[in-house]
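The residues of the chain are indexed from 1 along the displayed sequence.
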Amino acid sequence: PQYTLAYEMYQSELNINGHLFSTQGGLKAVFPGTGKVFQLDTIAGVVTRVDQTYHHGYNFDSYQFVRKDTVYSFGGYGFWMQNNLLTFFSDVRKEWSLYTRAPFPITTPDFGLKRFQIANYDKGSEVLYIIWIGNVYGFHFENRTWKDYGPVNGEFNGEVRYMSSNLRRKYASCVSFINGSSSAGR
């Protein structure tokens, strides 16, 4: 279908891949690194910008997901750092807000893919799992606490680079649960 843009677009501002999420308010498109959130009306064929964000630039390659009808974003890089922030988009305030910080430190991105994160949100247990530099962490939404589960199994750790590279290429147009601090595969 042909869509009408119900906002003023600035010089090819959305030349990166985004994620599309289904919420009770309708379809939302989110673009890592920009902070921009769009509402898609598939019946009227209209795309409306719903955020009031000024370009963030801190969460490229972040892991984004929906929990209880709210869009969240974890990690990513920008401004010469790999961040450890879990943020959420507030439909009321029309902006991103900090939810929590992970217990591991902010680092400098390693674009050689030696440092990366693997993230997955488990809806059933309401836990966000993060593998960061060989360690497994979990954020438990129910009581808003982080848990350090310890080191990743050595065999799995050896396969991570292969998995992230292949899955990124295979599912480049899909919402992915593997994020790295490399722009490879884009």
Side-chain angles (χ1 to χ4, degrees), residues 3-10 12-79 81-104 106 109 117-130 132 137-146 171-181 183 186:
Y3 282 89
T4 302
L5 301 180
Y7 67 96
E8 190 172 337
M9 188 168 145
Y10 303 99
S12 65
E13 63 183 342
L14 294 177
N15 59 358
I16 60 172
N17 291 333
H19 301 116
L20 189 61
F21 298 106
S22 179
T23 66
Q24 287 181 353
L27 292 175
K28 285 193 177 120
V30 181
F31 295 86
T34 69
K36 294 178 181 174
V37 180
F38 298 87
Q39 189 80 37
L40 280 71
D41 183 334
T42 56
I43 295 177
V46 176
V47 177
T48 306
R49 184 171 172 186
V50 295
D51 69 286
Q52 296 176 354
T53 305
Y54 181 74
H55 180 77
H56 279 293
Y58 75 94
N59 68 341
F60 292 98
D61 278 341
S62 61
Y63 172 67
Q64 298 179 327
F65 61 99
V66 171
R67 175 188 173 263
K68 294 190 176 181
D69 214 42
T70 299
V71 178
Y72 287 83
S73 179
F74 178 79
Y77 66 90
F79 298 114
M81 68 175 190
Q82 180 82 31
N83 81 63
N84 63 355
L85 305 177
L86 177 61
T87 59
F88 69 97
F89 181 74
S90 168
D91 287 320
V92 173
R93 290 187 310 280
K94 308 287 186 213
E95 65 184 12
W96 292 90
S97 296
L98 178 65
Y99 195 80
T100 186
R101 296 175 202 275
F104 47 82
I106 293 171
Q117 72 182 28
I118 296 178
N120 185 43
Y121 172 63
D122 181 348
K123 263 188 198 181
S125 64
E126 289 203 27
V127 177
L128 171 63
Y129 292 100
I130 308 292
W132 179 249
Y137 299 89
F139 179 73
H140 298 254
F141 280 92
E142 185 177 295
N143 56 13
R144 291 183 69 137
T145 59
W146 283 94
Y171 299 106
S173 62
C174 301
V175 175
S176 175
F177 67 91
I178 296 206
N179 298 289
S181 58
S183 58
R186 292 210 168 192

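If you take OG on Ser90 and CH2 on Trp96, they are separated by 10.5 Å, rounding to the nearest 0.5 Å. Here the straight-line distance linking atom CG of Leu20 with atom CZ of Phe31 works out to 8.5 Å at 0.5 Å rounding. Distance check, rounded to the nearest 0.5 Å: OG1 of Thr70 to NZ of Lys28 gives 7.5 Å. The structure places CG of Asp41 at 7.5 Å from OG1 of Thr48, a figure rounded to the nearest 0.5 Å. Once rounded to the nearest 0.5 Å, the distance linking OG of Ser125 with CD of Glu142 reads 9.5 Å. Taken from NZ in Lys94 to CG in Asp51, the straight-line distance is 9.5 Å, to the nearest 0.5 Å.
The shortest heavy-atom contact between Pro32 and Gln64 is CG-OE1, 3.6 Å. Scanning all heavy atoms of the two residues, the minimum distance from Phe89 to Val50 falls at CZ-O, 4.2 Å. Nearest heavy-atom pair, Leu40 versus Ala29, reported as atom, atom and distance to 0.1 Å: CD1-CB, 3.8 Å. Closest approach of Leu98 to Thr87, counting heavy atoms only: CA-CG2, 4.1 Å.
Using modelled atom types, no side-chain atom of Asn59 and backbone atom of Ser62 make a donor-acceptor pair closer than 3.5 Å. The backbone N or O of Gly75 lies less than 3.5 Å from a partner atom in the side chain of Asn83, making a donor-acceptor pair. A donor-acceptor distance shorter than 3.5 angstrom exists from the side chain of Gln39 to the backbone of Gly25, with no hydrogens or angles considered.
Checking Phe104, Phe74, Tyr129, Trp132 one by one against Tyr137, the ring pair (Phe, Tyr, Trp, His ring centres under 6.0 Å) holds for a single residue, Phe104.
Ser97 pairs by the side chain to side chain donor-acceptor pair (under 3.5 Å) definition with Arg93, not counting sequence neighbours. For Phe65, the ring-ring contact (aromatic ring centres under 6.0 Å, His included) partners are Tyr63, Tyr72, Tyr121, not counting sequence neighbours. Partners of Phe139 according to the ring-ring contact (aromatic ring centres under 6.0 Å, His included) rule, which considers only residues two or more places apart in sequence or in another chain, are Tyr99, Phe141, Trp146.
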**Prompt:** Stepwise, does the side-chain contact (heavy atoms from CB on, under 4.5 Å) test hold for Asp91 with Thr23?
**Reply:** CA-CA 11 Å; Asp91 287 320; Thr23 66; 6.0 Å; no
**side-chain contact (heavy atoms from CB on, under 4.5 Å) assessment of Val71 paired with Val37** = CA-CA 10 Å; Val71 178; Val37 180; 6.0 Å; no
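More than 12 heavy-atom neighbours from other residues, nucleotides or ligands sit within 6.0 angstrom of CZ on Arg67.
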